[in-house]
S.K.: 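Before anything else, here's the structure in question.
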Amino acid sequence: MSRYNFKQAEAKWQSVWEDRGCFAAGEGGDKPKYYVLEMFPYPSGRIHMGHVRNYTLGDVVARYKRARGFNVLHPMGWDAFGLPAENAAKENKVRPARWTEQNIATMREQLKSMGLSYDWSREIATCDPDYYRHEQKMFLDFLKQGLVYRKESWVNWDPVENTVLANEQVIDGKGWRSGANVENRLLSQWFMKITAFSEELLQDLETLDRWPARVRLMQEKWIGRSEGAYMFFDFDGRNGGKGGRLEVFTTRPDTIFGASFCAIAANHPLSQDLSEDDADLRAFITECGSAGTSEAAIETAEKIGYDTGVRVRHPFDDERTLPLYVANFVLMEYGTGAIFGCPAHDQRDLEFARKYGLDVLPVVAPRETPQEPIGESFVIEDEAFTDDGVLINSAFLDGLGVEEAKSAIIERLDAADAGRPGVNYRLRDWGISRQRYWGCPIPVIHCPDCGIVPVPEEDLPVVLPEDADLEAPGNPLDNHPTWKDADCPACGKPARRETDTFDTFFESSWYFARFCSPHADTAFTREAADYWLPVDQYIGGIEHAVLHLLYSRFFTRALKQCGYLGIKEPFEGLLTQGMVCHETYRDENGKWLYPDEVEITGDKSARVLDGPQGGSAVTVGRSEKMSKSRKNVVDPESIIETYGADTARLFMLSDSPPDRDLDWTEAGIEGAWRYVNRLWRLVNAPDSKKPFSKFGATRPDMKADEKEFPGLIFTLKEIHKTISKVTEDLERFHFNKAVARIRELTNTLDDLAGNDDSAAWVRRHGLEAIVLLLGPMMPHLTEELWHSLGHETLLADTPWPEAEADLLVEETVTIAVQVNGKLRGTLDLPKDSDDQMAETAALALENVTAAIAGKPIRKVIIVPNRIINVVV
RNA sequence: GCGGGCGUGGCGGAACUGGUAUACGCGCAGGACUUAAAAUCCUGUGUCCUAGUGACAUGUGGGUUCGAGUCCCACCGCCCGCACCA
């Protein structure tokens with residue numbers, strides 16, 4: 001039996017599409033625009049299954065929208081800066097630029113072999129000076145707008161990568177890529193003022209109704225807005241020393257009368273001041289710093305404090321003073337780095353107070369109940385009371401509820417000069433300096449006289465030197481003998497270039513805009529950006545829910561402020577795809593094995609592939625995300641080599657919904673392969689004598705045949721129902737359901753009997769529908785079949801099929817008949833039958849009368865065209 | 001600890017706003033073709049039994065309803081995010 005020659009077909013159609021420029025995008029025309037974008041890859045060397053899934057999903061959307069008459073922009077490029085290139089330079093003595101270039105060449109060919117409908121003329125690589133010169137210009141514009149600034153700050157230092165990490169890049173106290181414990185270091189760093197947009201970034205999440213709720217929620221939590229008050233506590237210095245005013249942030253200003261201490265972070269400026277003449281405090285601060293930020297340390301860390309001896313005055317009660325502690329659980333990075341402690345109503349403060357014998361004065365008591373009037377009987381034991389209640393022991397606040405008390409105290413803050421209402425965010429400014437070579441140079445010059453001077457725009461780009469030494473420890477640009485030497489653009493004296501480079505999230509924060517006009521002399525033209533942006537559908541991994549997606553949202557606002565573009569939100573729709581997983585295998589010694597080193601012998605059992613007898617037993621582990629370390633990877637190239645791109649694409653779409661994890665299985669890809677061949681045979685080796693290409697487009701008159709061949713009409717209806725359902729499924733990204741429905745139609749066509757012209761026409765009509773519907777999913781096979789069916793045009797240029805409305809209407813419906821909620825039979829009735837008639841018919845069913853068994857009928861529930869339930 | 005999501009056959013998963021649970025695929029079993037195998041095709045396949053127009057089944061236990069996989073409450077398990085955030 002002949003088989004589909006995918007190798008020949010895939011190569012042929014790929015070159016036809018390319019030669020005819022099928023997927024080149026241009027602005028203008030009457031068609032509505034549609035910009036579909038998949039997250040561009042880091043050129044690590046070879047594509048992996050995660051890429052295959054991501055880009056298959058994107059290609060289905062792109063090809064579908066094109067068929068639906070949209071002017072589609074579907075570009076691809078490379079997120080080409082990053083540390084692996086530097087590591088490769090060290091290991092293999094190859095320049096990062098060369099290594100990256102080679103990887104891009106390999107991966108481009110691999111992506112092309114998948115038959116993805118990209119406009120390759122728009123390809124970009126972020127390590128290209130022609131790309132990064134524009135972001136250097138943006139940086140200078142941000143500087144003018146006050147959106148970027150430099151400050152000395154404590155940073156997360158990754159000792160393995162020898163660089164700074166953003167807070168978002170620290171996971172459980174470890175570097176997101178190296179996994180090394182992150183250290184604290186004080187460095188002078190460039191920051192982007194993302195916090196200037198905290199409120200906007202939070203509020204506008206509500207407008208992103210085509211984003212997954214969970215991503216919006218993650219961003220909401222990350223921004224972490226909390227309302228409360230900033231409050232002041234005045235204090236006198238120790239031993240008559242310098243006094244001052246301590247500012248704290250609290251979300252519970254209502255509990256101010258329950259305050260029994262204040263505490264500040266170890267790296268709070270006041271801690272530093274006080275430690276100057278206090279050796280014990282210096283020792284304590286060191287202890288706090290060395291406790292480490294590993295998750296184990298944080299979880300088990302006991303709350304410890306150091307009593308500075310300073311007493312702060314209660315803002316609403318001159319008679320009261322509170323001790324000031326330096327405490328390990330107070331974070332300098334949040335709020336003002338200082339708190340007041342109210343042990344009765346905060347669990348952390350309670351633990352601290354118990355440890356140091358501080359007062360625990362309840363100021364909120366549970367509301368009065370008939371059993372328990374509000375009284376002095378309310379005592380705090382081991383648990384702080386954090387629920388709503390009634391204020392007590394609180395002077396003018398007594399008797400108020402928590403919310404009322406908050407408002408009341410906030411109103412008095414100003415008059416009492418005790419503080420101000422305020423909002424605080426967890427979000428911190430984005431530190432963008434990295435001490436790495438393979439990134440975009442930050443275009444400023446440090447002059448001993450003029451300070452920080454921007455590189456003049458006509459001198460951009462500041463290009464990376466090709467001869468930096470990447471093997472010496474430290475920052476390669478800083479180590480370079482001459483690169484950093486530059487004359488001050490302001491005064492002309494010798495000065496020094498900034499040697500830090502941008503965090504690589506900088507490049508990915510605006511690449512979607514560059515794709516609009518990738519060859520422009522500016523970052524992008526306003527015209528092209530106005531036409532294409534925002535991205536209508538963005539597709540990528542959930543791992544970027546906070547990092548990349550939040551930075552891009554911020555960047556778009558910053559660019560808008562600088563007049564680059566007119567939109568706030570870059571991505572209107574977002575689809576986050578699940579991971580590609582595979583079973584794991586270990587041999588007797590616990591060593592990981594690749595799937596192709598293993599022979600599956602049964603359910604959850606396997607042995608080492610080793611000659612005809614097979615080797616030793618293998619432990620089959622649960623399916624986990626494909627990773628090199630566990631060796632549970634399958635190489636896309638070998639899959640495409642064996643089964644073809646279309647088979648791989650079909651499998652990626654058919655087994656799981658896109659947002660869920662997908663299990664890669666040998667059986668699954670085989671199943672997809674079988675279907676590919678089955679479809680090919682249906683078209684190329686039909687049961688009838690005549691090949692399908694010989695049937696004209698004229699539809700036989702089947703009205704006359706309806707009685708004679710009800711199967712024909714039934715099948716015709718199924719064809720159009722499938723068109724309608726699949727269209728709906730694709731609109732909602734239910735690709736797995738779409739595949740299932742198309743397979744159902746394939747089964748129906750297979751069952752269609754008859755060899756006359758009418759039957760052959762219906763069969764051909766059905767096959768055409770299948771080919772059209774599968775077009776976005778399996779573009780090569782369907783293009784091939786489209787031609788076998790006698791078409792001269794390209795399927796890629798063919799509009800999406802339309803379901804004929806009158807074929808979607810059912811004349812009869814099957815109604816379920818229940819007795820007391822249990823199914824007792826079904827009834828075929830004309831659609832929209834009269835209720836009375838339906839009831840009579842239902843009660844006449846033999847099985848129904850048996851179930852009723854003469855009992856009196858209490859009620860009959862009739863849902864038209866659906867169900868009849870007889871209650872007895 | 002807090003927040004969110006998910007629990008449906010041997011497996012991946014269907015089931016629109018409560019209305020015939022298990023579509024489609026995988027796997028498995030039997031059969032056809034073949035000297036044989038592969039490929040292909042056909043048939044069957046939730047569980048149980050007394051085999052029926054039967055009973056029981058959507059993590060567990062309750063509830064609402066004529067009717068619950070779907071809604072409500074409690075619990076169990078798994079996954080993800082955040083984590084001393086004042």
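So you know, we letter chains A, B, ... as the sequences are listed, proteins then strands, and number each from 1.
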S.K.: Would you call the rings of A:His544 and A:His548 parallel, tilted or perpendicular, taking 30° and 60° as the class edges?
M.R.: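 Perpendicular: the ring planes of A:His544 and A:His548 meet at over 60°.
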S.K.: Give me the distance, rounded to whole Å, that separates B:G44 from B:C26 when you measure between the P atoms they each carry.
M.R.: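 My reading of the P atoms in B:G44 and B:C26 gives 16 Å.
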S.K.: If you measure from the C1' atom in B:G59 to the same atom in B:G69, how many Å do you get, rounded?
M.R.: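 So the two C1' atoms sit 12 Å from each other.
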S.K.: Nearest whole Å is fine: how far is B:G12 C1' from A:Leu662 CG?
M.R.: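 Rounded to the whole Å, the gap is 9 Å.
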S.K.: Work out how far the P atom of B:A29 is from that of B:A39, and round it to whole angstrom.
M.R.: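 14 Å, rounded to whole Å.
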S.K.: Looking at B:A86, I'd like to know if its phosphate oxygens (OP1 or OP2) sit under 4.0 Å from a side-chain N or O belonging to A:Asn424.
M.R.: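 It does not, given that no N or O in the side chain of A:Asn424 lies less than 4.0 Å from OP1 or OP2 of B:A86.
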S.K.: Would you please classify the geometry between the A:Phe385 ring and the A:His345 ring as parallel, tilted or perpendicular, with 30° and 60° separating the classes?
M.R.: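 Answer is perpendicular, since the angle exceeds 60°.
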S.K.: Is the side chain of A:Glu839 donor-acceptor paired with the backbone N or O of A:Ile868 at a distance under 3.5 Å, no angle test?
M.R.: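 Answer holds: no.
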S.K.: B:C33 pairs with which nucleotide, Watson-Crick or G-U wobble, both distances below 3.5 Å?
M.R.: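 Per the H-bond distance test, none.
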S.K.: Ignoring the backbone of A:Met218, work out which of B:A23, B:G81, B:A86 is nearest its side chain.
M.R.: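 Comparing B:A23, B:G81, B:A86 against the side chain of A:Met218, the answer is B:G81.
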S.K.: Tell me whether the OP1 or OP2 atom of B:G67 has a side-chain N or O from A:Arg866 closer than 4.0 Å.
M.R.: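 Looking at the OP1 and OP2 atoms of B:G67, neither is under 4.0 Å from any side-chain N or O of A:Arg866.
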S.K.: Check whether the side chain of A:Lys859 and the base of B:C66 form a donor-acceptor pair under 3.5 Å.
M.R.: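 No, no donor-acceptor pair under 3.5 Å.
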S.K.: From the options B:G67, B:A86, B:G12, select the nucleotide whose nearest atom is closest to the side chain of A:Asn869.
M.R.: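 My answer, after comparing the listed nucleotides, is B:G67.
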S.K.: Students often get this wrong, so: under 4.0 angstrom with heavy atoms, is A:Ile861 touching a base, only sugar-phosphate, or nothing?
M.R.: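 Answer is base: heavy atoms of A:Ile861 come under 4.0 Å of a base.
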S.K.: What is the distance, rounded to the nearest whole Å, between atom CH2 of A:Trp222 and atom P of B:C80?
M.R.: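 Going from CH2 in A:Trp222 over to P in B:C80 covers 17 Å.
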S.K.: Under 4.0 angstrom, heavy atoms only, what part of the nucleic acid is A:Gln818 near: base, sugar-phosphate, or nothing?
M.R.: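 Base contact.
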S.K.: How long is the line joining CE of A:Met579 and C1' of B:G81, in whole Å?
M.R.: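 Those two atoms, CE and C1', are 13 Å apart.
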S.K.: Would you kindly give the CG-to-P distance between A:Leu324 and B:A86, to the nearest whole Å?
M.R.: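 Spelled out: CG on A:Leu324 to P on B:A86 is 20 Å.
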S.K.: Reckon A:Arg858 touches a base, only the sugar-phosphate, or nothing at all at heavy-atom distances under 4.0 Å?
M.R.: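 No contact.
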S.K.: Under 4.0 Å between a side-chain N/O of A:Lys822 and OP1 or OP2 of B:C56, yes or no?
M.R.: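 It does, given that an N or O in the side chain of A:Lys822 lies less than 4.0 Å from OP1 or OP2 of B:C56.
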S.K.: Is the glycosidic angle of B:G27 within 90° of 0, making it syn, or outside that range, making it anti?
M.R.: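 With its glycosidic angle more than 90° from zero, B:G27 counts as anti.
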S.K.: Looking only at the side chain of A:Pro657 (C-beta and beyond, no hydrogens), which of the listed nucleotides B:G4, B:A14, B:C26 gets closest?
M.R.: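 Closest nucleotide to the A:Pro657 side chain: B:A14.
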S.K.: Base, sugar-phosphate or nothing for A:Thr665? Non-hydrogen atoms, less than 4.0 Å.
M.R.: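 Since no nucleic acid heavy atom lies under 4.0 Å of A:Thr665, the category is nothing.
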S.K.: So what does A:Val817 hit on the nucleic acid, given a heavy-atom distance under 4.0 Å: a base, only sugar-phosphate, or nothing?
M.R.: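 No contact at all - A:Val817 keeps every heavy atom at 4.0 Å or more from the nucleic acid.
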S.K.: Provide the Watson-Crick or G-U wobble partner of B:A74, both distances under 3.5 Å; none if there is no partner.
M.R.: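 Paired with B:U60.
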S.K.: According to the Watson-Crick and G-U wobble definitions, with both distances under 3.5 Å, which nucleotide is paired to B:G1?
M.R.: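 Its partner is B:C82 (Watson-Crick or G-U wobble, both distances under 3.5 Å).
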S.K.: Applying a 3.5 Å limit to both distances, which nucleotide forms a Watson-Crick or G-U wobble pair with B:A14?
M.R.: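 With both distances under 3.5 Å required, B:A14 matches none.
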S.K.: Tell me the interatomic distance from A:Phe340, atom CZ, to B:C84, atom C1', rounded to whole angstroms.
M.R.: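 A:Phe340 atom CZ is separated from B:C84 atom C1' by 17 Å.
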S.K.: Categorize A:Thr826 for me: base, sugar-phosphate, or nothing, with a 4.0 angstrom heavy-atom threshold over every strand shown.
M.R.: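 The answer is base, as A:Thr826 lies within the cut-off (heavy atoms under 4.0 Å) of a base atom.
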S.K.: Counting heavy atoms from C-beta on, name the nucleotide in B:G54, B:C41, B:G12 closest to the side chain of A:Arg681.
M.R.: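 For A:Arg681, the side-chain atoms sit closest to B:C41.
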S.K.: Base, sugar-phosphate, or nothing for A:Arg426, non-hydrogen atoms under 4.0 angstrom?
M.R.: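 Contact class for A:Arg426: base.
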S.K.: Taking the P atom of each, how far is B:U70 from B:U8, in whole Å?
M.R.: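 Here B:U70 and B:U8 have their P atoms 13 Å from each other.
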S.K.: Can you check the distance between B:A23 and B:G12, where both ends of the measurement are the C1' atom (answer in whole Å)?
M.R.: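 Rounded to whole Å, the distance is 13 Å.
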S.K.: Once you apply the 3.5 Å cut-off to both distances, tell me the Watson-Crick or G-U wobble partner of B:C28, or none.
M.R.: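 Partner of B:C28: B:G44.
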S.K.: For A:Arg743 and A:Thr250, find the nucleotide of RNA chain B closest to each by heavy atoms; which residue's nucleotide sits nearer the 5' end?
M.R.: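 Here A:Arg743 is the residue nearer the 5' end.
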S.K.: Given atom CD1 of A:Ile867 and atom C1' of B:C66, what is their separation to the nearest angstrom?
M.R.: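 The answer, rounded to whole Å, is 10 Å.
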S.K.: What is the nucleic acid contact for A:Val863, judged by heavy atoms within less than 4.0 Å: base, sugar-phosphate only, or nothing?
M.R.: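 Contact class for A:Val863: base.
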S.K.: Measuring from the side chain of A:Lys737 (C-beta onward, heavy atoms only), which nucleotide among B:A86, B:U20, B:A15 has the closest atom?
M.R.: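 Of all the options, the side chain of A:Lys737 is nearest to B:A15.
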S.K.: Would you say A:Arg660 reaches B:G13's phosphate, i.e. side-chain N/O to OP1/OP2 under 4.0 Å?
M.R.: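 Result: yes.
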S.K.: Expressed as a whole number of angstroms, how long is the span from A:Asp661:CG to B:G13:C1'?
M.R.: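 Taking CG of A:Asp661 and C1' of B:G13, I get 14 Å after rounding.
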S.K.: Whole angstrom is fine here: how far is it from NE2 in A:His734 over to P in B:G25?
M.R.: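 Between P of B:G25 and NE2 of A:His734: 20 Å.
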S.K.: Taking only N and O in the side chain of A:Asn747, is any of them less than 4.0 Å away from OP1 or OP2 of B:G25?
M.R.: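 For B:G25, OP1 or OP2 has a side-chain N or O of A:Asn747 closer than 4.0 Å.
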S.K.: Is it true that A:Phe257 and A:His314 have ring centroids separated by less than 6.0 Å?
M.R.: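 Yes, ring centres under 6.0 Å apart.
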S.K.: Among B:G4, B:A86, B:U20, find the nucleotide with the atom closest to the side chain of A:Ala816.
M.R.: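 It is B:U20.
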S.K.: Can you work out whether A:Gly671 or A:Thr336 has the more 5'-proximal nearest nucleotide on RNA chain B?
M.R.: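 It is A:Gly671 whose nearest nucleotide is closer to the 5' end.
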S.K.: Between A:Phe352 and A:Phe329, is the gap from one ring center to the other below 6.0 Å?
M.R.: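 When the ring centroids of A:Phe352 and A:Phe329 are compared, they turn out to be within the sub-6.0 Å range.
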S.K.: By the 4.0 Å heavy-atom rule, please label A:Arg741 as base, sugar-phosphate, or nothing.
M.R.: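 Nothing, no nucleic acid heavy atom in range.
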S.K.: Cation-pi check for A:Phe233 against A:Arg245: NZ or CZ below 6.0 Å from the six-membered ring centre and within 45 degrees of the axis, yes or no?
M.R.: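 No.
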S.K.: Distance between the P atoms of B:C2 and B:G54, in whole angstroms?
M.R.: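 The same atom, P, in both gives a distance of 48 Å.
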S.K.: Below 6.0 angstrom between ring centroids: does that apply to A:Phe651 and A:Trp673?
M.R.: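 Distance test on ring centres: not under 6.0 Å, no.
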S.K.: Mind checking whether A:Phe261 and A:Tyr356 have ring centres under 6.0 Å apart?
M.R.: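 No.
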S.K.: Just by distance, no angles: are the side chains of A:Ser226 and A:Asn424 close enough, under 3.5 Å, to form a donor-acceptor pair?
M.R.: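 A:Asn424 and A:Ser226 do not have a side-chain donor-acceptor pair below 3.5 Å.
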S.K.: Using atom C1' of each nucleotide, how far apart are B:G18 and B:A68 to the nearest Å?
M.R.: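 My reading of the C1' atoms in B:G18 and B:A68 gives 6 Å.
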S.K.: Measuring only the C1' atom in each nucleotide, how far is B:C75 from B:A83? A whole number of Å is fine.
M.R.: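 One C1' to the other, the span is 25 Å.
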